[in-house]
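Below is one structure, written out as structure tokens; the observations come after it.
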Amino acid sequence: SALMAIACSLTASAISRLRQTWDQLSPKTNAIFEEIKEVVDVSRNYAALRQRLQTPKAPCLPFVGMYLTDLTFVDVGNSNTRPLPFDDDDDGTESKMVINFDKHMRSARVVSHLQRYQVPYRLQHVREIQDWLEMQLERVNASEQCTVMSFWRRSQALEARSKGEERPE
């Protein structure tokens, strides 16, 4: 989940457009960022991320969006009922409809994959860190400067717009 948050933040238009800044990164830092982008790449239905999650190292908070996408596809792509197979009553009446247990088994499989990460963690409560995080969240929530347009303006103040670059909407 943290890798996805980092990748999404650094690939946002206000950040990714900063060519001069990106050019100043060390090759080692660039390599780390490229690896993060490869892991969270959405192509092939998050194949790289799914591969990494086969053998997670605790503590691990998976990207829940991937599982929600899976559940959406199972729900939308499968009906709640299906015709009863091998209906011997061939008297011209409609076949009987039964619950589509396959759909529910697929949903249960997705949820059980997600439940693998519900293990007890031995995290220490550090009041100073918790207070600081809460203060930062309150500051961001109260601020009018945390909008896409404000980030875009800050980005443009750092580096002028290049040819062909469009404003975000």
Side-chain angles (χ1 to χ4, degrees), residues 1-77 106-107 109-169:
S1 189
L3 285 179
M4 184 62 77
I6 291 167
C8 288
S9 298
L10 293 176
T11 57
S13 61
I15 303 297
S16 65
R17 65 172 294 280
L18 300 172
R19 289 286 140 228
Q20 296 168 7
T21 305
W22 283 102
D23 290 344
Q24 293 179 26
L25 293 178
S26 70
K28 181 180 178 182
T29 302
N30 260 331
I32 291 170
F33 181 54
E34 288 303 318
E35 184 179 356
I36 289 172
K37 286 194 320 188
E38 286 174 16
V39 170
V40 297
D41 184 20
V42 299
S43 66
R44 296 184 340 200
N45 196 17
Y46 297 100
L49 182 58
R50 290 179 194 278
Q51 180 64 34
R52 289 271 180 115
L53 289 173
Q54 291 300 317
T55 55
K57 296 177 184 147
C60 177
L61 297 175
F63 175 57
V64 179
M66 180 177 69
Y67 295 97
L68 293 175
T69 300
D70 292 348
L71 286 171
T72 300
F73 275 110
V74 168
D75 186 52
V76 172
R106 289 175 193 228
S107 295
R109 194 174 313 123
V110 172
V111 172
S112 72
H113 283 183
L114 190 54
Q115 284 178 325
R116 293 185 310 178
Y117 305 103
Q118 291 186 337
V119 297
Y121 296 115
R122 296 176 190 203
L123 302 176
Q124 289 184 340
H125 179 82
V126 181
R127 188 75 211 160
E128 294 82 15
I129 294 174
Q130 185 173 352
D131 290 342
W132 183 84
L133 287 171
E134 287 174 359
M135 184 178 69
Q136 296 305 313
L137 289 171
E138 287 174 15
R139 184 180 63 82
V140 167
N141 286 335
S143 174
E144 301 263 336
Q145 297 179 350
C146 293
T147 65
V148 172
M149 284 311 298
S150 68
F151 292 139
W152 183 257
R153 283 190 290 274
R154 286 184 199 172
S155 175
Q156 283 188 316
L158 289 171
E159 290 182 25
R161 190 183 312 185
S162 64
K163 286 185 179 180
E165 189 174 60
E166 295 181 23
R167 285 179 77 151
E169 296 190 24

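Keep in mind that the numbers below use all heavy atoms, side chains included, and drop hydrogens, waters and symmetry copies. Since we're looking at a predicted model, the values are computed, not measured.
- Side-chain N or O atoms of E159 include one that pairs as donor or acceptor with a backbone N or O of R19 at under 3.5 Å.
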As a quick check of understanding, evaluate side-chain contact (heavy atoms from CB on, under 4.5 Å) for C8 and V40, giving each step before the final call.
CA-CA 9 Å; C8 288; V40 297; over 6 Å; no

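- Rounding to the nearest 0.5 Å gives a distance of 7.0 Å between OG1 of T69 and CZ of F63.
- Not a single side chain to side chain donor-acceptor pair (under 3.5 Å) links R122 to another residue, sequence neighbours left out.
- Summarising the geometry of P62 relative to Y67, their closest heavy-atom pair is CB-CE1, 3.8 Å, with the distance given to 0.1 Å.
- A distance of 11.0 Å separates CD of Q118 from CG of L61, quoted to the nearest 0.5 Å.
- A distance-only check finds a donor-acceptor pair linking the side chain of W22 to the backbone of I15 [under 3.5 Å].
- Scanning all heavy atoms of the two residues, the minimum distance from R52 to E35 falls at NH2-OE2, 3.2 Å.
- When each of L71, L49, V42, L114 is paired with M66, the side-chain contact (heavy atoms from CB on, under 4.5 Å) condition holds for L49 and for no other.
- With rounding to the nearest 0.5 angstrom, the CD atom of E134 is 4.5 Å from the CD atom of Q130.
- With sequence neighbours excluded, the residues forming a side-chain contact (heavy atoms from CB on, under 4.5 Å) with L158 are L18, listed by chain and number.
- Formation of a donor-acceptor pair under 3.5 Å by the S155 side chain with backbone atoms of F151 is not found in this model.
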Can you list the steps and then say if S150 with R153 is a side-chain contact (heavy atoms from CB on, under 4.5 Å)?
CA-CA 5 Å; S150 68; R153 283 190 290 274; 4.1 Å; yes

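- Between K37 and T11, the shortest heavy-atom contact is CD-CG2, 4.0 Å.
- Other residues, nucleotides and ligands place more than 12 heavy atoms under 6.0 Å from the CZ atom of R127.
- The number of heavy atoms from other shown groups lying within 6.0 Å of CG (L133) is above 12.
- Checking Q24 against Q20 by side-chain atom types alone, no donor-acceptor pair falls below 3.5 Å.
- Although no hydrogens or angles enter the test, the distance criterion places a donor-acceptor pair under 3.5 Å between the side chain of N141 and the main chain of L137.
- Enclosure of atom CD in Q124 is not indicated, since only 12 or fewer non-hydrogen atoms of other residues, nucleotides or ligands lie within 6.0 angstrom.
- R139 and Q136 are linked by a side-chain donor-acceptor pair at a separation below 3.5 angstrom, with hydrogens and angles left out of the test.
- Here the shortest heavy-atom pairing between R109 and S112 reads O-OG, 2.8 Å.
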